[in-house]
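Single-structure report; data block below.
Below, chain A is the first sequence line, B the second, and so on; all start at residue 1. The basis for the numbers below is simple: all heavy atoms, side chains too, and nothing from hydrogens, waters or symmetry mates.
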Protein chains: 2
Amino acid sequence: MESVEAKSFKFKGREYPCCASLTMGIIGGKWKTVILFHLIGGKLRYSELRKCMPTVTERTLSLQLQALEDDGLVLREVYHEKPPLKVEYSLTAFGKTLIPLIQAIADWGEVAAE
Amino acid sequence: MESVEAKSFKFKGREYPCCASLTMGIIGGKWKTVILFHLIGGKLRYSELRKCMPTVTERTLSLQLQALEDDGLVLREVYHEKPPLKVEYSLTAFGKTLIPLIQAIADWGEVAAE
DNA sequence: CTGTATCCCTGTTGATACTG
DNA sequence: CAGTATCAACAGGGATACAG
């Protein structure tokens, strides 16, 4: 059909009108890129993430981590062997495909900062 | 000082806790990357942008364009020579520094789309 | 043609307290 | 240690009508 480009992009059941908005729907929001950025270096415990991001609340961090996990970007591993509960977060293989993008976002932010 | 990394990133008077969140503060939101993506190809009139983005409302498109203009990413040129008012939007030099990033965002979205 | 003015709804984020 | 529950606040975004 020669209609005016009505094609849409789908991901996990959500629809987006543009490939750019699909990406933003996944990594957008105030904290997701920050979490992903810190996870580039490797696994981090919940408490380590909080130290990296002192201004986020526990609730928000928890919610964003869940969203990232649901989208398959982040892996959550629980070690409950002994009382000091330990949970580690890391990038999945799919999440790692975002590394160049996250790095570019961080780099641009450094340059643009006054 | 050896404090726990309290440095912040500033842009246009706004403060961000991380270089990644600075970038997202500028190009984040539901529509900004879509607008920038369409402007990569060159100047576009208001009505042309609307055709590219059929699902955005006039109000939102207008607000987002203003925000992009305020941040110095987009140039707004008005031609009011004859009644059919004409306004063209284009990327500024500063806005063009975002092209690789926007392109990467769009590319990732295409690959991730199901 | 290119917007702005209202009004309202919703999602996201935050503060605080509490639990396994 | 690693969260969840609850409540509250706010900004982004949408519908519609109107203006330069």
Check whether any side-chain nitrogen or oxygen of B:R45 sits under 4.0 Å from OP1 or OP2 of C:dC1, and answer yes or no.
-> no
Would you mind telling me which residue lines up with the more 5' stretch of DNA chain D, A:S62 or A:P84, judged by nearest nucleotide?
-> A:P84
Starting at CD of A:E69 and ending at P of D:dT4, how long is that distance when rounded to a whole Å?
-> 10 Å
What nucleic acid atoms does B:R50 come within less than 4.0 Å of, heavy atoms only: base, sugar-phosphate, or nothing?
-> nothing
On DNA chain C, nearest-nucleotide positions of A:L85 versus A:T55: which is more 5'?
-> A:T55
Going by the angle between their ring planes, with limits at 30° and 60°, are B:W108 and A:F11 parallel, tilted or perpendicular?
-> tilted
A:T57 side chain near C:dA15 phosphate (N/O to OP1/OP2, under 4.0 Å) = no
d(CE, B:M53; P, D:dG13) in whole Å = 10 Å
Determine the contact category for B:Y89: base if any of its heavy atoms lies under 4.0 Å from a base atom, sugar-phosphate if only primed atoms, P, OP1 or OP2 are that close, otherwise nothing.
-> sugar-phosphate
Can you figure out which of C:dA17, C:dT13, C:dT2 approaches the side chain of B:Y46 most closely?
-> C:dT2
Choose from D:dA2, C:dT6, C:dG14 the nucleotide whose nearest atom is closest to any side-chain atom of A:V56.
-> C:dG14
Under 3.5 Å, side-chain donor or acceptor atoms of residues 63-76 of chain A against the rest of the protein: list the pairs with distances, not counting sequence neighbours.
| from | atom 1 | to | atom 2 | distance (Å) |
| --- | --- | --- | --- | --- |
| A:D71 | OD1 | A:R14 | NH1 | 2.9 |
| A:D71 | OD2 | A:R14 | NH2 | 3.2 |
| A:R76 | NE | A:Y89 | OH | 3.3 |

Quickly work out the B:L49 CG to C:dT2 P distance and round it to whole Å.
-> 10 Å
To the nearest Å, how far apart are A:E77 CD and D:dC1 C1'?
-> 17 Å
When we call it a touch if two heavy atoms are under 4.0 Å apart, what does B:R59 touch: a base, just sugar-phosphate, or nothing?
-> base
So what does A:Q64 touch, heavy atoms closer than 4.0 Å: a base, only the sugar-phosphate, or nothing?
-> sugar-phosphate
DNA chain D contacts among residues 27-40 of chain B, heavy-atom distance under 4.0 Å = B:G29, B:K30, B:W31
Go through the steps for B:V34 and B:V56 under the test side-chain contact (heavy atoms from CB on, under 4.5 Å), then give the verdict.
-> CA-CA 10 Å; B:V34 182; B:V56 72; over 6 Å; no
So if you build clusters from Ile, Leu, Val, Met, Phe, Trp, Tyr with side-chain heavy-atom gaps below 4.5 Å, do A:L39 and A:Y79 land together?
-> no
List in chain and number order the residues that pass side chain to side chain donor-acceptor pair (under 3.5 Å) with A:R50, two or more places apart in sequence or in another chain; answer none if no residue qualifies.
-> A:E58
Look at all strands and tell whether A:Q66 reaches a base, only sugar-phosphate, or nothing, counting heavy atoms closer than 4.0 Å.
-> sugar-phosphate
Under 4.0 Å between a side-chain N/O of B:S47 and OP1 or OP2 of C:dT2, yes or no?
-> yes
Mind checking whether A:I102 and A:V111 sit in one hydrophobic cluster, side chains of I, L, V, M, F, W, Y counted as touching below 4.5 Å?
-> no
Which distance, rounded to the nearest 0.5 Å, do you find between the NZ of B:K96 and the CG of B:L91?
-> 7.0 Å
Return the value, rounded to whole Å, for the distance between atom CD of B:E58 and atom P of C:dT6.
-> 17 Å
What is the distance from CD of B:E88 to P of C:dC1, rounded to the nearest Å?
-> 15 Å
Rounded distance in Å - CG (B:L65) to P (D:dG13) | 13 Å
May I ask you to say what B:E48 touches in the nucleic acid, namely base, sugar-phosphate or nothing, with a heavy-atom cut-off under 4.0 Å?
-> nothing
Point-to-point distance, once rounded to the nearest 0.5 Å, from OG1 of B:T23 to CG of A:D107 = 8.5 Å
A:R76 atom CZ is separated from D:dC1 atom C1', nearest whole Å, by 12 Å
